[in-house]
Amino acid sequence: MPELPEVETVARGVDKHVRGDRIVHAWFSNLPQPFKTPPSQQAKGLAGRAILAVHRTGKHIVFELGALGKESGRSATSTKKGAEPAGQWIVHLGMTGRLLVSVPDSPVAPHTHARLELASGRELRFVDPRRFGRLEFRELGGGEAFTAPGAEPLTIGAGEFAALFRRRHLPIKAALLNQGILSGVGNIYADESLFQAGIRPRRRTDRLTIAELDRLHTALRQVLNQAIRLGGSSVSDYVDADGARGFFQLEHCVYQRTGEPCRRCGTPVRRIELAGRGTHYCPKCQR
DNA sequence: CATTTCACCTGGTGGC
DNA sequence: TGCCACCAGGTGAAAT
């Protein structure tokens with residue numbers, strides 16, 4: 001489910017509900033799959049922490065956590081401004097992960113792998129049927145704060161953007177999906193931005209002109225920003241922190257529209273396989 | 001090295 | 001109704 005716009009939507013929603021709250025108790029399933037840090041270690045690490053803020057980096061949701069101990073840190077510690085995060089909880093949603101803010105007595109969905117009980121009485125739940133998601137806890141002694149490996153698509157400039165692709169020899173779609181180059185772009189927004197830019201997914205990055213890379217830079221940011229405004233794409237089961245669906249799927253021009261007429265020229269949308277992923281494009285509008 | 005393929009999982013859909 | 005093939009928002013390890 002989750003690419004940059006969906007992850008951004010979830011992170012904003014979670015932040016709104018849990019910023020300033022405190023984790024009273026954390027429960028984790030004991031399956032091997034969705035844990036980058038062993039569940040027992042996460043449970044111990046999270047209990048008692050204040051949640052300072054929640055934000056997105058690439059496709060990761062990062063919880064900035066306060067220092068442990070000092071019950072109800074109201075007195076002495078409250079005066080120091082901008083407390084440094086002492087730990088981080090990092091959530092990657094994989095394909096089917098959901099992060100939901102619930103009331104504690106609401107029914108627990110199948111495939112719930114984490115439940116964080118909060119001081120406010122709310123409960124934060126991580127649900128992930130396919131278990132491609134990842135949960136990680138980091139103690140921040142000195143450094144080691146999480147950073148996404150690739151460039152942020154929404155803030156990168158046109159020149160830097162073009163430079164990312166200059167001397168590579170892979171299809172542009174494969175490059176867009178590579179998180180080490182750009183972080184946050186996935187299958188939907190790769191296809192949609194290439195359509196907006198009029199570029200075929202198989203074109204090799206080192207054969208694209210500066211003008212084409214400029215178009216792609218503009219198209220990508222435009223597509224991502226509009227998707228964020230619409231709360232992301234709910235293709236099958238994606239929902240935000242409140243369980244609400246997004247609406248950008250109604251704006252898709254090519255993604256999962258195989259055989260349907262191109263919204264611009266009417267030519268049937270074509271589907272190929274590229275980099276192991278279903279890839280959709282208009283053979284007339286994209287060259 | 002850089003690039004490509006495949007395994008990791010569950011569930012929904014559509015054909016027969 | 002059941003069975004089966006195929007598809008799905010991602011990514012790291014293995015192969016080329």
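Note on naming: letters A, B, ... go to the chains in the order of the sequence lines (proteins, then strands), and numbering restarts at 1 for each one.
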Side-chain donor/acceptor pairs under 3.5 Å, residues 159-167 of chain A, sequence neighbours excluded:
| unit_1 | atom_1 | unit_2 | atom_2 | d |
| --- | --- | --- | --- | --- |
| A/Glu160 | OE2 | A/Gly157 | N | 3.4 |

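- Taking the six-membered ring for Trp and thresholds of 30 and 60 degrees, A/Phe35 and A/Phe28 have ring planes more than 60 degrees apart, a perpendicular arrangement.
- Side-chain N/O atoms of A/Arg271 include one lying less than 4.0 angstrom from OP1 or OP2 on C/dA8.
- When the P atom is used for both C/dC7 and B/dT5, the distance is 16 Å, rounded to whole Å.
- Residue A/Arg130 places none of its side-chain N or O atoms closer than 4.0 Å to OP1 or OP2 of B/dC8.
- The distance between atom CG of A/Leu93 and atom C1' of C/dT11, rounded to the nearest whole Å, is 14 Å.
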Evaluate the salt bridge (Lys or Arg N to Asp or Glu O under 4.0 Å) criterion for residues A/Glu8 and A/Arg12: first the C-alpha distance (whole Å), next the side-chain angles of each, then the deciding distance (0.1 Å), finally the verdict. CA-CA 6 Å; A/Glu8 178 70 31; A/Arg12 285 181 188 177; 2.8 Å; yes

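- The nearest whole Å value for the distance from the CD atom in A/Glu136 to the P atom in C/dG12 is 11 Å.
- With respect to A/Arg98, the side-chain contact (heavy atoms from CB on, under 4.5 Å) criterion is satisfied by exactly one of A/Asp240, A/Leu93, A/Asp237: A/Asp237.
- Between the A/Arg56 side chain and the A/Gly58 main chain, a donor and an acceptor come within less than 3.5 Å of each other.
- Distance CZ (A/Phe132) to P (C/dA13): 15 Å, rounded to an integer number of Å.
- In this entry the distance linking OH of A/Tyr255 with C1' of C/dG10 reads 11 Å, nearest Å.
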Using Watson-Crick and G-U wobble pairs whose two distances are both under 3.5 Å, how do you write the pairing of DNA chain C as dot-bracket, with | for links to another strand? .|||||||.|||||||

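- Contact annotation: A/His111 side-chain N/O to B/dT10 OP1/OP2 distance is not under 4.0 Å.
- Donor-acceptor pairing under 3.5 Å is recorded for the side chains of A/His280 and A/Asp191.
- If you take CZ of A/Arg131 and P of B/dG11, they are 9 Å apart, rounded to a whole angstrom.
- For the P atom pair drawn from C/dT11 and B/dC1, the interatomic distance equals 23 Å after rounding to whole Å.
- Going from atom CE of A/Met95 over to atom P of C/dG12 covers 14 Å, rounded to whole Å.
- Under 4.0 angstrom from either OP1 or OP2 of C/dG12 there lies no side-chain N or O belonging to A/Lys36.
- Considering A/Val7, A/Val10, A/Val91 as possible partners of A/Pro2, the one that fulfils the side-chain contact (heavy atoms from CB on, under 4.5 Å) test is A/Val7.
- A cation-pi arrangement, defined by a distance under 6.0 Å to the six-membered ring centre and an angle within 45 degrees of its axis, is present between A/Arg264 and A/Phe195.
- Across all strands shown, A/Ser234 has heavy atoms under 4.0 Å from base atoms, whether or not it also approaches the sugar-phosphate.
- One can place CZ of A/Phe35 at 19 Å from P of C/dT11, the figure rounded to the nearest angstrom.
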Every protein N/O within reach of nucleotides 2-5 of chain B N/O, cut-off under 3.5 Å:
| unit_1 | atom_1 | unit_2 | atom_2 | d |
| --- | --- | --- | --- | --- |
| B/dT3 | OP1 | A/His169 | N | 2.5 |
| B/dT3 | OP2 | A/Arg168 | NH1 | 3.0 |

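- Heavy atoms of other residues, nucleotides or ligands lying less than 6.0 angstrom from NE2 of A/His25 number 12 at most.
- Between the CG atom of A/Asp237 and the C1' atom of B/dT10 there is a distance of 11 Å, rounded to whole Å.
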Starting from the C-alpha separation in whole Å, work towards a yes-or-no answer on salt bridge (Lys or Arg N to Asp or Glu O under 4.0 Å) for A/Arg122 and A/Glu117. CA-CA 7 Å; A/Arg122 280 185 277 260; A/Glu117 192 187 316; over 6 Å; no

